[in-house]
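Below is one structure, written out as structure tokens, with a few remarks after it.
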Amino acid sequence: MKKFQVTMHFEMDDEFMSLVPSHRVYVNSLIEKGIVDQYVVSMETQRLWITMGAESKQEVSQRLKKSPIYKYWDAIEIDELFVIDGQHYRLPALQMN
């Protein structure tokens with residue numbers, strides 16, 4: 001399975017806020033299934049980043065379209081990742097007794 005980074009901007013209004021709980025249920029289900037690795041939101045810039053696994057960009061796009069707040073996302077960028085590294089992707093440090 002390939003990994004993809006999704007970046008998008010969003011615009012908020014009252015309807016958007018009313019859909020957030022159902023959107024979080026959907027995102028949580030993707031996290032629990034191991035499809036979404038990271039989900040990050042900046043309210044300052046109204047930007048969202050998702051790192052997720054899929055076979056293709058088309059599959060990523062299909063999953064995004066199932067979100068209740070999909071219509072609020074602008075300028076969606078889907079990039080296939082080549083390298084992912086960080087503390088969460090490494091083995092735990094050994095603790096000698």
Donor-acceptor contacts under 3.5 Å from residues 69-81 side chains, at least two apart:
| residue | atom | partner | partner atom | Å |
| --- | --- | --- | --- | --- |
| Lys71 | NZ | Glu15 | OE2 | 3.2 |
| Tyr72 | OH | Asp13 | OD1 | 3.3 |
| Tyr72 | OH | Glu15 | OE1 | 2.9 |

Output a table of donor-acceptor pairs, distance under 3.5 Å, between side-chain atoms of residues 26-33 and any protein atom two or more places apart or on a different chain; print 'none' if there are none.
| residue | atom | partner | partner atom | Å |
| --- | --- | --- | --- | --- |
| Tyr26 | OH | Arg63 | O | 2.8 |
| Asn28 | OD1 | Arg24 | NH2 | 3.1 |
| Asn28 | ND2 | Arg24 | O | 3.2 |
| Ser29 | OG | Tyr26 | O | 2.6 |

Point to revise | Members sharing Met1's hydrophobic cluster (side chains within less than 4.5 Å) | key: none
Exercise for review: Determine yes or no for a side-chain-to-main-chain donor-acceptor pair under 3.5 angstrom, with Ser67 supplying the side chain and Leu64 the backbone.
Suggested key: no
**Study point:** Rounded distance [0.5 Å steps], CD in Gln46 versus CZ in Phe10
**Key:** 5.0 Å
Practice item. Identify the heavy atoms of Ala54 and Val60 that sit nearest to each other, and give their distance. Key: CB-CG2, 3.6 Å
Atom pairs and distances, donor-acceptor, side-chain atoms in residues 35-45, under 3.5 Å, two or more places apart:
| residue | atom | partner | partner atom | Å |
| --- | --- | --- | --- | --- |
| Asp37 | OD1 | Lys3 | NZ | 3.3 |
| Asp37 | OD2 | Lys3 | NZ | 2.6 |
| Tyr39 | OH | His23 | NE2 | 2.7 |
| Ser42 | OG | Glu44 | N | 3.4 |
| Ser42 | OG | Thr45 | N | 3.2 |
| Ser42 | OG | Thr45 | OG1 | 3.1 |

Check your understanding: What residue pairs, at least two apart or across chains, pass side chain to side chain donor-acceptor pair (under 3.5 Å) with a residue in residues 48-58?
Key -> Gln5-Thr51
Check your understanding: Taking only residues two or more places apart in sequence, or in another chain, which ones meet Lys2 in a salt bridge (Lys or Arg N to Asp or Glu O under 4.0 Å)?
Key -> none
Review point. Which atom pair, heavy atoms only, marks the closest approach of Ser18 to Pro21?
Key: O-CD, 3.6 Å
Revision key, fill the gap. Taken in chain and number order and not counting sequence neighbours, the residues that satisfy side-chain hydrogen bond (donor to acceptor under 3.5 Å, both in side chains) with Asp14 are none
Point to revise | Ile84 reachable from Ile50 in the ILVMFWY side-chain graph, under 4.5 Å edges | key: no
